[in-house]
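One structure is given here, and the rest of the page talks about it.
Proteins get letters first, then strands, A, B, ... in listed order; numbering begins at 1 in each.
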Amino acid sequence: MTENVRVRFAPSPTGNLHIGGARTAIYNWAFARRHGGAFILRIDDTDPERSTAENTRAILSALRWLGLDWDEGPEAGGSHGPYFQTERAPSYAAALERLRAAGALYPCFCAAEDLAAKRDAARAAGASSGYDRACRDIDPETAAARIARGDQHAWRLRVPLDRGDITFVDAVRGESTFTSEVMDDFIVARSDGSPTYNFATVIDDVEMGISHVIRGDDHLSNTPRQILVFEALGAPVPTFAHLSMIRGADGKRLSKRHGAASVEEYRDLGILPEALVNYLALLGWSLDDRTTIIDGKTLQESFSLDRVSKNPAVFDHEKLEWMNGVYLRELSPDAFVERMVPFLVTAGLLSPDAAADSREQLLELVPLLAERVKRLDEVPPLVHYLFTDTVVIDESAREKVLRKPGAAEALDAAADVLDRLGEFTPSTVEEALRSVPEAIGHKPKVVFQAVRVAISGSTVSLPLFESVAILGKPRALDRIRRARAACQG
RNA sequence: GGCCCGUUGGUCUAGCGGUGAGGACGCCGCCCUCUCAAGGCGGAAAUCACGGGUUCGAAUCCCGUACGGGCUACCA
């Protein structure tokens, strides 16, 4: 069963790549890799109202950013294309024709409004609201005549009356049964001739040789219908695996109102793709009883559907950020710089062309930054004071530190001692500043906090001695002297 | 309303008839310390949704209830 694994991720380009979609893609990808199979990307763009080329581009780039490579699909080619549903009309038409000729379909002349009215009535009466098969027994001649006359009609699947219950074994949820009573003759082709989702998907899955359909839980109830189409087509039914939804803290399915819900947003927040993949992989799947950090390679080697959890998972931003911090700290200094530069640029602290020249200085910052940020977008505010000429002293920092006894003496002494320094490095700065507390008779904390506020404008900053050294003597002294004016006494 | 799915600390999970119910995030405390972090150590936190069975024995198997979610379109 390891042979011929072919799975697909089939997003509708109606928006950016959603977190839930990303997880589905990751599972499909990992499953394909694990079994040496093919991971196929198909774009389900049959809804012309909402599908856009722009969204397709965004989805492809998000997938690539996550590091999910597809073997067949847009920009990858493949022998089972085309991979856009809008380009597959001939396939759908041929399948429709074949089924029609075989008598597996029948035209339905019911008006959409009438159907809706019947549905509402049935529901109000407490019954299931499936189609009543009003057109199923119209005799072929009459039907043909009405079609010839130009009557509007959709095509429905003639579900065999003796089909019985539909049972299938879901690879994550186990056996599942849908009683035949709830299976109505659903529409397979709209009155404009276009195929419906449940039909088009099956045609595609058949023609693309899909062996396992791994998708969101929201498709679970579509499954029996699709099985009926596979059967009508005389095609083997693939294995299904339904993934439970990802929810927000309120239990509702994750959406923009819960904050960031798309891959793109997390990228802009400074979440690393490897961290997002790791987090999502373990949100609903586990390797064992202890693994929390797992790399892509291990994921590809060990992913299995039988360890996918059946229960819906609540997306936990805090855990994702913690995990991102872990990955950030594992980055080499070079890689860290590379990843943070875009954030410095968008924050206006660095011009794109200056990035290369400042590489040395940026590398110096890495050890100071890596252990105190969880997201890359936290970098600019943390380093801001090192990139500007004038620093604005935070009001509460002024109150809490500069207006306290000892601050004035500390700044005077610090300026004095730093001014005498020849070599201006973290260690010489440290040595100099450490002599101040004793000299003026105040606690080290009083001195260091005063200098910190003077040079960074805040009570929280990167390590002090390094910061002073990076600023350089003139700028450091200038800031300390300016801050001195804000002290009392 | 109908159909379907789910239910282990606040959250993600391990567990698959006999465990002190394990790990992770978060939280609390201590240590380290120039702030903030990171790191180390320790702690609180789960009558395994509830009620019935089955069994010598149930978080694990069965039934029911409650709660939550999904689907219910000529959307995907």
Side-chain angles (χ1 to χ4, degrees), chain A residues 10-14 44-47 49-51 85 108 110-112 115-116 119 122-130 152-156 170 173 176-179 181-184 186-198 200-201 216-224 242 244-245 247 249 251-253 279 282-293 307 309-323 325 329 368-374 382 397 401 430 433-434 437 444-449 451-453 456 458-465 467:
Chain A
S12 294
T14 54
D44 283 7
D45 56 352
T46 48
D47 181 354
E49 304 293 305
R50 299 184 298 157
S51 300
Q85 286 193 325
C108 172
C110 299
L115 291 174
R119 212 164 27 235
R123 186 184 293 210
S128 63
S129 50
Q152 282 283 300
H153 63 286
W155 288 88
R156 289 181 182 272
D170 187 285
R173 340 191 71 101
S176 203
T177 298
F178 288 78
T179 60
E181 293 97 76
V182 307
M183 290 315 308
D184 61 351
F186 56 96
I187 291 177
V188 124
R190 303 184 188 98
S191 43
D192 66 358
S194 64
T196 56
Y197 167 76
N198 279 132
T201 306
D217 214 351
D218 46 344
H219 289 290
L220 189 58
S221 39
N222 283 326
T223 307
H242 289 94
S244 55
M245 309 266 81
R247 307 202 188 159
K252 302 274 190 280
R253 67 194 281 174
Y279 179 73
L282 258 23
L283 192 68
W285 175 78
S286 60
L287 173 63
D288 52 33
D289 63 339
R290 58 192 63 257
T291 303
T292 305
I293 299 298
R307 289 194 66 85
S309 168
K310 295 190 240 305
N311 7 333
V314 173
F315 194 88
D316 184 355
H317 295 262
E318 291 207 85
K319 189 164 185 175
L320 203 214
E321 295 196 1
W322 163 79
M323 197 173 276
R329 273 171 253 128
L368 311 181
L369 281 169
E371 66 191 26
R372 57 202 96 220
V373 295
K374 289 183 169 157
L382 263 180
V401 177
E430 173 165 12
L433 289 179
R434 284 210 188 271
K445 184 170 276 187
V446 172
V447 174
F448 296 145
Q449 280 301 77
V451 177
R452 183 188 311 284
V453 170
S456 75
S458 162
T459 54
V460 175
S461 79
L462 296 182
L464 187 59
F465 312 129
S467 294

Residue whose nearest RNA chain B nucleotide is more 5′ - A:E430 or A:S244:
A:S244
Nearest-nucleotide check on RNA chain B, A:S309 vs A:S12; residue mapping nearer the 5' end is A:S309
A:K445 NZ to B:rC32 C1', straight-line distance once rounded to whole Å:
13 Å
Nearest-angstrom distance from the residue atom NZ of A:K374 to C1' of B:rC25
9 Å
Pairing partner of [N] (Watson-Crick or G-U wobble, both distances under 3.5 Å):
N: B:rA24; value: B:rU11
N: B:rG18; value: B:rC56
N: B:rC41; value: B:rG29
N: B:rC34; value: none
N: B:rC67; value: B:rG6

Would you classify [X] as touching base, sugar-phosphate or nothing, given that sugar-phosphate means primed atoms plus P, OP1 and OP2, and contacts are heavy atoms under 4.0 Å?
X: A:N222; value: base
X: A:R123; value: base
X: A:L282; value: sugar-phosphate
X: A:P444; value: nothing
X: A:G130; value: nothing
X: A:T46; value: sugar-phosphate
X: A:R50; value: base
X: A:H242; value: nothing
X: A:F465; value: base
X: A:P11; value: nothing
X: A:L464; value: base

Report yes if the side chains of A:V447 and A:R434 come closer than 4.5 Å at any heavy-atom pair, otherwise no.
no
A:L220 side chain reached by A:R173 side chain, heavy atoms, under 4.5 Å
yes
Options [options], nucleotide nearest the side-chain atoms of [X]:
X: A:A313; options: B:rC36, B:rA38, B:rC12; answer: B:rC12
X: A:W322; options: B:rG26, B:rG68, B:rC74; answer: B:rG26
X: A:D44; options: B:rG39, B:rA37, B:rA76; answer: B:rA76
X: A:I187; options: B:rG26, B:rC74, B:rG68; answer: B:rC74
X: A:L220; options: B:rC5, B:rC36, B:rA38; answer: B:rC5

Between [M] and [N], how far apart are the [atom1] atoms? Round to whole Å, please.
N: B:rU8; M: B:rA14; atom1: C1'; value: 10 Å
N: B:rC27; M: B:rA38; atom1: P; value: 9 Å
N: B:rG18; M: B:rA58; atom1: C1'; value: 10 Å
N: B:rA49; M: B:rA44; atom1: C1'; value: 23 Å
N: B:rC28; M: B:rU54; atom1: P; value: 48 Å

Should [X] be listed as having a side-chain N or O under 4.0 Å from OP1 or OP2 of [N]?
X: A:R452; N: B:rC36; answer: no
X: A:S286; N: B:rA14; answer: yes
X: A:K310; N: B:rC5; answer: no
X: A:N311; N: B:rU8; answer: yes
X: A:R119; N: B:rA73; answer: yes
X: A:S221; N: B:rC3; answer: no
X: A:R253; N: B:rC71; answer: yes
X: A:S176; N: B:rC5; answer: yes
X: A:R307; N: B:rG15; answer: yes

Examine distances only and state if a side-chain atom of A:R307 and a backbone atom of A:S286 form a donor-acceptor pair shorter than 3.5 Å.
yes
Test applied, side-chain contact (heavy atoms from CB on, under 4.5 Å); reference residue, A:N198; option that passes from A:I187, A:N222, A:V188
A:N222
Side chain A:R372 and base B:rC36 donor-acceptor under 3.5 Å:
yes
Counting only distance, no hydrogens or angles, is the base of B:rC74 paired donor-acceptor with the side chain of A:T196 under 3.5 Å?
no
Taking atom types as modelled and ignoring hydrogens, do the side chains of A:S309 and A:N311 form a donor-acceptor contact shorter than 3.5 angstrom?
yes
Side-chain donor-acceptor pair under 3.5 Å between A:H242 and A:S176, yes or no?
no
Apply side chain to side chain contact (heavy atoms under 4.5 Å, CB included) to A:L369 and A:L382, showing your working.
CA-CA 8 Å; A:L369 281 169; A:L382 263 180; 4.0 Å; yes
Sort out for me which residue in A:D45, A:D47, A:D44 forms a side chain to side chain donor-acceptor pair (under 3.5 Å) with A:Q85.
A:D44
